[in-house]
Amino acid sequence: MLIVHGYSDTSTWARGQAWGILNYAQAYIWSKDTKFLQASCGPSGYFLYRLETTLLAVELMYHNGILMHL
């Protein structure tokens with residue numbers, strides 16, 4: 001699975017991840033070589049996983065004017 005790391009090993013570089021998803025998918029469309037489709041599925045699946053789980057991690061609440069994590 002291709003994961004483009006960002007600032008740390010637990011983050012991703014969004015633009016690099018998007019390029020990976022798009023370019024591997026385009027290479028598959030042009031070549032019909034399934035190795036490119038499989039390569040595109042890795043960062044795509046990771047993006048969808050992070051999309052589903054990130055909302056829980058970034059929920060914020062104001063309490064007495066102070067921004068607090070839930």
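Numbering starts at 1 and runs along the sequence shown.
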Item checked: Shortest non-hydrogen contact between Tyr46 and Gln17, atoms and distance -> CD2-NE2, 3.5 Å
Please set out all donor-acceptor pairs under 3.5 angstrom arising from side-chain atoms of residues 31-42, sequence neighbours excluded.
from: Ser31; atom 1: OG; to: Ala27; atom 2: O; distance (Å): 2.7
from: Ser31; atom 1: OG; to: Asp33; atom 2: N; distance (Å): 3.1
from: Lys32; atom 1: NZ; to: Ile29; atom 2: O; distance (Å): 3.1
from: Asp33; atom 1: OD1; to: Lys35; atom 2: N; distance (Å): 3.1
from: Ser40; atom 1: OG; to: Ile21; atom 2: O; distance (Å): 3.0

Margin query: So which atom in Gly20 and which in Pro43 form the shortest heavy-atom distance, rounded to 0.1 Å?
Written below: C-CG, 4.5 Å
